[in-house]
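One-based numbering, in listed order, for ligands and for the atoms of each. Hydrogens, waters and symmetry mates play no part in the numbers below; they use all other heavy atoms, side chains included.
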Amino acid sequence: MTNDTIFGRILSGEIPCQEVYSDELCLAFKDVAPQAPVHLLVIPRKPIKSLNDAMADDVGLLGHLLLVAKDVANQSGLKNWRTIINTGEEAGQTVFHLHVHVIGGRPLAWPPG
Ligand code: AMP
């Protein structure tokens with residue numbers, strides 16, 4: 001599988017990132033345009049375009065991404081945080097490589113815009 005998105009280029013090492021966690025399945029790094037004091041992204045190494053493109057075989061990978069999101073949130077000192085997966089352009093997805101946002105460090109309003 002190929003992936004020519006900006007996240008694919010981060011995974012290949014072509015573009016640098018501020019890494020906070022890495023393993024054989026995923027990478028977590030700081031968002032370049034943080035929306036809160038803590039704003040991290042957890043991405044699978046597998047180039048799944050969006051949650052809508054995930055398959056039954058990806059169940060373990062998807063669970064892993066959430067557990068890593070919890071770990072990096074805790075390691076960042078967060079006790080309250082929000083995980084967000086934007087799916088599709090109208091939902092705000094701009095990078096078509098599945099990613100979990102971890103946002104916290106300030107009060108977060110609900111509902112989101
Ligand atoms: P989304 O809008 O849900 O697709 O989220 C994409 C996120 O990727 C945005 O929050 C961007 O700020 C972030 N982003 C884009 N390019 C980079 C980059 N090179 N390094 C880190 N974060 C990035």
#### Entry: Q93 N/O to ligand 1 N/O under 3.5 Å
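No.
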### Task
Please work out which of I15, V32, I43 has its closest non-hydrogen atom nearest to atom 15 (C) of ligand 1.
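Result: the heavy atom closest to atom 15 (C) of ligand 1 is in V32.
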### Task
Kindly identify the option in D31, T87, I10, V100 whose heavy atom sits closest to atom 13 (C) of ligand 1.
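When every heavy atom of D31, T87, I10, V100 is considered, D31 comes closest to atom 13 (C) of ligand 1.
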### Query
Does a side chain donor of either N86 or H99 reach within less than 3.5 Å of an acceptor in the other side chain?
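Side-chain D/A pair, N86 to H99: absent.
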Can you name the atoms of ligand 1, numbered from 1 with element, that are less than 4.0 Å from a heavy atom of [X]?
X	answer
A33	12 (O)
H101	1 (P), 3 (O), 5 (O), 7 (C), 10 (O)
K30	21 (C)
L41	8 (O), 13 (C), 22 (N)

### Task
With heavy atoms under 4.0 Å as the rule, classify the contact between H99 and ligand 1 as side chain, backbone, both or neither.
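The part of H99 near ligand 1 is the side chain, not the backbone.
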### Message
Heavy atoms only, cut-off 4.0 Å: how does I84 contact ligand 1, side chain, backbone, both, or neither?
### Response
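The answer is neither.
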### Query
Just wondering, do S76 and W81 contact through their side chains at under 4.5 Å, heavy atoms?
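Not touching, per the 4.5 Å side-chain cut-off.
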### Query
Is any side-chain heavy atom of L98 closer than 4.5 Å to a side-chain heavy atom of I43?
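No, every pair of side-chain atoms sits at 4.5 Å or beyond.
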### Task
Can you measure from CG (L108) to CG (N80) and round to the nearest 0.5 angstrom?
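L108 atom CG to N80 atom CG measures 8.5 Å (nearest 0.5 Å).
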Shortest non-hydrogen contact from [X] to [Y]?
X	Y	result
L27	S22	CD1-CB, 3.9 Å
A36	G104	CB-O, 3.4 Å
L11	P44	CD1-O, 3.6 Å

Contact between ligand 1 and [X] is defined here as a heavy atom of the residue under 4.0 Å from a ligand atom; is it met?
X	answer
Q35	no
Q18	no
G92	yes
F96	no

### Query
Considering only the protein, which heavy-atom contact is closest to atom 8 (O) of ligand 1, and what is its distance?
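For atom 8 (O) of ligand 1, the nearest protein heavy atom comes out as F7 CZ, 3.4 Å.
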### Query
Can you tell me which residue and heavy atom of the protein come closest to atom 4 (O) of ligand 1, and the distance to 0.1 Å?
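Checked against all protein heavy atoms, atom 4 (O) of ligand 1 sits closest to T94 N, 2.7 Å.
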### Query
Using 30° and 60° as the class limits, which term best fits the ring planes of H97 and F7: parallel, tilted or perpendicular?
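The rings of H97 and F7 stand perpendicular, inter-plane angle above 60°.
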### Query
Taking the side chain from D58 and the backbone from L61, do they hold a donor-acceptor pair closer than 3.5 Å?
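Not at all, since once roles are kept as given, no pair shorter than 3.5 Å links the two residues.
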### E19 side chain vs K30 backbone, donor-acceptor pair below 3.5 Å
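Side chain of E19 to backbone of K30, a donor-acceptor pair under 3.5 Å: no, none is there.
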